[in-house]
Amino acid sequence: MSSGISPVISPVRRAAPGGPPRGMVRIPGGTFLMGGDDPDGRPEDGEGPVREVRVDPFWIDPTCVTNAQFATFVKETGYVTEAERIGWSFVFRQFATAGVMEATVPGAPWWAGVEGATWRTPEGPGSTIGDRQNHPVVHVSWHDATAYAEWAGKRLPTEAEWEMAARGGLERKRYPWGDELAPKGRQRCNIWQGHFPTAPSKGTMPVKSFQPNGYGLYNVSGNVWEWTADWWGVEWEPFADNPAGPSEGTAKVIRGGSYMCHDSYCNRYRVAARTANTPDSSTGHTGFRCAALV
Ligand SMILES: [Cu+2]
């Protein structure tokens, strides 16, 4: 998807029997072991216990939706994102140059509310995505992500689908590629380098950075958090068949961690890790990829 822009995928095309939706990866489905019990994990996040989950086959995007793809959606539909309507979004303070609001996030002083921060102006007024066409779109809320997915004839993945795809066919591994963060000293994902939060950060990277996992998915760990379809919950059955999360809630599950994750305060780039945000929230480190039924 290096060319960035893809055409509208009509519902007819999605429903075409036998044909893969353009550019998507087929995940075979079946039963896998979901969740984790990493010794340095976060049980309070509901990472565990490890349980059996069965999922039907599905399609998933190998990458997050890019700025170029989101621009096509906006151009064709006139869609206005939630951050654009509300007038501000959360930006990593180090990046914010203008429009910084006074309020801070308790316990997370590295976030700044920035007036005029949107998907087109990710650091606030005067910033641009001109040289980031193939980076993941950010400052999109769950509602925005869902609107894009519907337009594309797709949907957001359930959390179970996301994790099955992210594991890349491996069983009970810590990362999408295995148990070592940097096998043979080679970096495999875009997470925080150096001391957090003072070391200089480059922010997002192109959606096809680093090697893909065993299913061909890029950047499931790090770069940006990814919205899933599910409401947040932390209670699990020993077995679940195509789980879709709680029937209601106040926050949606996000997965994968971001360029801001660092093991000194947030090692949620592990493949079992999870957190949540309210569906109307947007930040400079959350994007999404789409899924579709086979
Ligand atoms: Cu993190």
Side-chain angles (χ1 to χ4, degrees), residues 34-48 64 89-96 104-114 117 122-123 135-142 145 157 159 162-163 165-167 173-177 179-182 187-205 207 209-210 213 217-228 230 232-234 251-279 281-289:
M34 185 165 172
D37 50 10
D38 297 325
D40 59 345
R42 294 176 176 255
E44 72 275 19
D45 286 352
E47 291 182 9
C64 280
S89 186
F90 282 111
V91 177
F92 182 51
R93 193 170 289 274
Q94 189 186 110
F95 298 156
T104 55
V105 182
W110 47 82
W111 283 114
V114 171
E123 288 79 43
H135 286 222
V137 63
V138 291
H139 296 297
V140 283
S141 69
W142 185 89
E159 184 181 12
W162 190 95
E163 184 171 323
R167 287 183 177 277
K173 296 299 184 191
R174 188 176 162 89
Y175 304 111
W177 54 86
D179 281 329
E180 265 188 88
L181 179 59
Q187 193 184 344
R188 293 292 301 262
C189 60
N190 179 19
I191 56 174
W192 194 269
Q193 306 292 313
H195 187 262
F196 184 86
T198 50
S201 171
K202 289 201 279 285
T204 58
M205 293 174 82
V207 296
S209 302
F210 305 104
N213 75 1
L217 271 66
Y218 291 84
N219 291 298
V220 280
S221 276
N223 214 21
V224 293
W225 285 98
E226 301 179 20
W227 290 110
T228 73
D230 296 18
W232 175 258
V234 294
K252 290 288 184 178
V253 176
I254 54 176
R255 297 296 301 261
S258 80
Y259 61 86
M260 288 172 61
C261 285
H262 184 275
D263 65 6
S264 69
Y265 85 102
C266 170
N267 61 3
R268 292 191 183 88
Y269 40 85
R270 291 168 298 105
V271 73
R274 56 202 297 272
T275 190
N277 206 348
T278 50
S281 293
S282 63
T283 73
H285 76 158
T286 305
F288 65 103
R289 76 180 72 215

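All ligand and atom numbering here is 1-based and tracks the order in the structure. By convention here, the first residue in the shown sequence is residue 1.
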Exercise for the section: Applying side chain to side chain contact (heavy atoms under 4.5 Å, CB included), name anything that partners Ala199, two or more places apart in sequence or on another chain. Expected result: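 By the side chain to side chain contact (heavy atoms under 4.5 Å, CB included) rule, Ala199 matches Trp192.
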Handout entry: N/O donor-acceptor pair under 3.5 Å between Gln94 side chain and Ser201 backbone
Key =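 Yes.
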Practice task
Report, as a single number, the protein N, O or S atoms less than 2.8 Å from the Cu ion (ligand 1).
Solution key: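 Protein heteroatoms (N, O, S) closer than 2.8 Å to the Cu ion (ligand 1) number 2.
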Problem - pair Ile254-Thr275: side-chain heavy atoms closer than 4.5 Å - result: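 Touching, per the 4.5 Å side-chain cut-off.
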Practice task
Specify whether Trp225 and His285 have parallel, tilted or perpendicular ring planes, treating 30° as the upper limit for parallel and 60° as the lower limit for perpendicular.
Solution key: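 Plane angle over 60°, so perpendicular.
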Handout entry: Aromatic ring pairing Tyr269/Tyr175, orientation class (parallel under 30°, perpendicular over 60°, tilted between)
Key =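 Judged by the thresholds at 30° and 60°, the geometry between Tyr269 and Tyr175 is parallel.
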Problem - Qualifying residue, where the test is side chain to side chain contact (heavy atoms under 4.5 Å, CB included) with Val271 and the options are Arg174, Arg167, Glu47 - result: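 Testing Val271 for a side chain to side chain contact (heavy atoms under 4.5 Å, CB included) against Arg174, Arg167, Glu47 leaves exactly one candidate, Arg167.
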